[in-house]
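Presented below is the structure to which this report refers.
By convention in this document, chain letters (A, B, ...) are assigned in the order of the sequence lines, proteins followed by strands, and residues within each chain are numbered from 1.
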Amino acid sequence: MRFDALRRKVGQLEDVKDSQHNGNAKRADLKASAILMSNSIRTNTKKRTGHVPGVEIGDIFFFRMEMCLVGLHAQSMAGIDYLIVRGDREEEPLATSIVSSGYYDNAADDTDILIYSGHGGSSNKNKEASDQKLVRGNLALERSLQKGNEVRVIRGLKDANSPTTKIYVYDGLYTIQESWVEKAKTGCNIFKYKIVRMSGQPGAFSVWKSVAQWKESVSSRVGLILHDLTLAAETIPVALVNDVDGERGPTCFTYLASVRYSKSFKLSHQTSFGCNCRNACQSGDENCACMTKNGGQTPYIGNGVLVCRKPLVYECGPTCPCTANCKNRVSQTGLKVHLEVFKTKDRGWGLRSWDPIRAGTFICIYAGEATNKAISGEVGDSGDYVFDTTRVYDSFRWNCEHTNEEYDMPYPLVISAKNVGNVARFMNHSCEPNTFWQPVVYENNSETYLNVAFFAMRHIPPMTELTYDYGTPRAGHGRMRCLCGSTRCKGYFV
DNA sequence: GCGATATCAGGGTT
DNA sequence: CAACCCTGATATCG
């Protein structure tokens, strides 16, 4: 319960952060965190050793400030965080958490061992390098070694999708095994600490290592059935994996990366909204019809990150004259993250990602056959999901910034992925999902096309099953007993 | 064109 | 309150 409240709060903070990003600010992370800090929107402000409520092993962060806000690591820049405890005789520091930036590549093949360097004795630019001193964090690590208390370890890793930034992974609790002093390249003394992961914790950093290995050689993936079940229909292969039982694959279907529309489904009565931009469309450009439709601001920031949920997102279409690098075509650019379809323990086939996914990131559309009448058939995990977009608006209106935008949906859109579909047909239901669906329209030759696109609701660590809320059951529809396991589980779904 | 390096504006804790 | 610190975005160089 408490965990849940914390998670929602963190998710809420993310939204605020994102809308800050939407401004033209540099260091939006700092600005957003300053706003939140000054409004006391943060958790776990009291430092503690051991786990922090609301943060699970494997959770990922994209900024140091995010970890400050949830109380995982209170230092905005320093690698060692510690608290002062009153000992028998005197006050002494104890380490609470460390961030390993990976600058000192320890070539540690063993993901449970970390060789960590002390801080101080700065060797960069104007300062002369000097010996590190046994003070502050260094002393705290030394004391923690003596007392044998647990230290949280956060691994900083390079983000494969944007090489200039880093992703931080909470890798659980470690204890310090030994410390020594050695000569750095500068000739000065630096402290070194051997820090070992406590046993019995679920994998986090090790998962990343495994994924890296699979990317190098797909055949090293245990339980691999197909290298690419899309048969090159997508630009990124989607592996089919079963390391649970002997089933060799889901019921037969044809992979289709887009939506197949029946004639009646084009919303051709809508007024044309395509833009006349010559370059990439700019947020706030009053001359851009697509931006105006979106309320004047781009619905996306950065590399296709949705700022907030809306009743409808208006994207630039194939016939918009703006350049191909226009940021307003997110849902039309195909898969961006490396996905795999895998056999779950008790819910048939499911979908998960090898890559970490930042909150708001586009994952995939729901492909299939679009009709304007409900398709009969059983709902199950064999891919015959029925998808009614008229209810999207109701489901997500609560979180929309722009409530006065026109929204004109004449038919209930139903997409069937029973016979044809893409990866989305494998996504299972959860009452506490990590993705949500967002209606998106774009124009092509004066015809308006409606799509449903999935975006990450929060940061999603690698190999976490992707789920969405199928919605509340209606009369006349079959109910399925829900196995999502969430504490907020409604017990059943459509 | 890319990776490595420089520069710059920063924030929280002590 | 200034010093400390394994920041993060952008510009520049090789």
Side-chain angles (χ1 to χ4, degrees), chain A residues 13 17-18 20-48 61-86 91-106 108 114-141 151-171 174 184-186 190-193 195 205 301-303 305 325 358:
Chain A
L13 303 188
K17 276 179 107 77
D18 280 352
Q20 293 303 306
H21 273 286
N22 196 27
N24 51 2
K26 291 181 189 173
R27 295 309 304 267
D29 60 316
L30 296 184
K31 295 213 167 152
S33 70
I35 293 167
L36 297 174
M37 289 267 181
S38 62
N39 287 294
S40 300
I41 306 176
R42 56 189 299 189
T43 60
N44 302 313
T45 47
K46 189 172 180 187
K47 287 192 182 181
R48 70 185 78 202
F61 303 86
F62 289 79
F63 295 95
R64 292 287 297 258
M65 297 309 302
E66 286 182 295
M67 295 187 288
C68 291
L69 290 167
V70 299
L72 185 66
H73 186 82
Q75 300 287 344
S76 61
M77 294 174 115
I80 307 167
D81 195 17
Y82 56 96
L83 53 77
I84 307 290
V85 293
R86 298 192 192 285
E91 294 184 344
E92 59 179 11
L94 270 186
T96 57
S97 55
I98 58 172
V99 177
S100 165
S101 281
Y103 285 157
Y104 310 84
D105 197 21
N106 320 298
L114 174 66
I115 307 296
Y116 196 77
S117 305
H119 63 191
S122 64
S123 57
N124 42 345
K125 50 183 180 183
N126 38 22
K127 276 186 189 161
E128 199 72 19
S130 58
D131 287 348
Q132 289 185 346
K133 297 192 182 73
L134 194 59
V135 293
R136 299 163 179 271
N138 299 349
L139 182 59
L141 288 175
V151 177
R152 297 187 293 272
V153 167
I154 298 123
R155 304 267 192 166
L157 301 165
K158 280 206 171 73
D159 182 352
N161 294 327
S162 82
T164 54
T165 59
K166 239 180 261 159
I167 299 179
Y168 300 94
V169 182
Y170 177 43
D171 200 31
Y174 283 59
K185 276 177 282 186
T186 56
I190 55 170
F191 291 98
K192 289 278 186 179
Y193 301 90
I195 309 180
F205 180 51
I301 52 156
N303 289 333
V305 172
N325 64 352
R358 190 190 288 245

For A:Phe63 and B:dA9, give me the distance from atom CZ to atom P, rounded to whole Å.
19 Å
Using a 4.5 Å cut-off on heavy atoms from C-beta on, say whether the side chain of A:Gln75 contacts that of A:Ile80.
no
Contacts of type side-chain contact (heavy atoms from CB on, under 4.5 Å), residue A:Asp131, not counting sequence neighbours
A:Cys188, A:Asn189
Would you call A:Leu114 and A:Asp171 a side-chain contact if the rule is heavy atoms closer than 4.5 Å?
no
Mind calculating the distance between CZ (A:Phe61) and P (C:dT7) to the nearest angstrom?
17 Å
In whole angstrom, what separates A:Glu66's CD from C:dG8's P?
10 Å
How long is the line joining CG of A:Leu114 and C1' of C:dC6, in whole Å?
11 Å
Find the distance A:Ile80:CD1 to C:dC5:C1' and express it as a whole number of Å.
10 Å
Are the side chains of A:Arg48 and A:Arg152 in contact, using a 4.5 Å heavy-atom criterion?
yes
Answer yes or no: is there a side-chain heavy-atom contact under 4.5 Å between A:Tyr170 and A:Ile154?
yes
Between the protein and nucleotides 11-14 of chain B, list every N/O to N/O distance that falls short of 3.5 Å.
unit_1, atom_1, unit_2, atom_2, d
B:dG11, N2, A:Ser76, OG, 2.7
B:dG11, N3, A:Ser76, OG, 2.8
B:dT14, OP1, A:Lys47, NZ, 3.0

Given that both pair distances must be under 3.5 Å and the pair must be Watson-Crick or G-U, what runs of three or more consecutive pairs involve DNA chain B?
B:2-9 with C:7-14, B:11-14 with C:2-5
In whole angstrom, what separates A:Asp159's CG from C:dA9's P?
11 Å
How many Å lie between CG on A:Leu157 and P on C:dT7, as a whole number?
14 Å
So, do A:Phe62 and A:Thr165 sit near enough that their side-chain heavy atoms are less than 4.5 Å apart?
no
Distance in angstrom units between A:Ile115 CD1 and C:dC6 P, rounded
18 Å
Whether A:His119 side chain and A:Ala78 backbone form a donor-acceptor pair below 3.5 Å:
no
Result for 5'-nearest mapping on DNA chain C, choosing between A:Thr165 and A:Gly79, is A:Gly79
So among A:His73, A:Arg155, A:Arg64, which one has a side-chain contact (heavy atoms from CB on, under 4.5 Å) with A:Tyr168?
A:Arg64
Check whether any side-chain heavy atom of A:Met67 sits under 4.5 Å from a side-chain heavy atom of A:Ser97, and report yes or no.
no
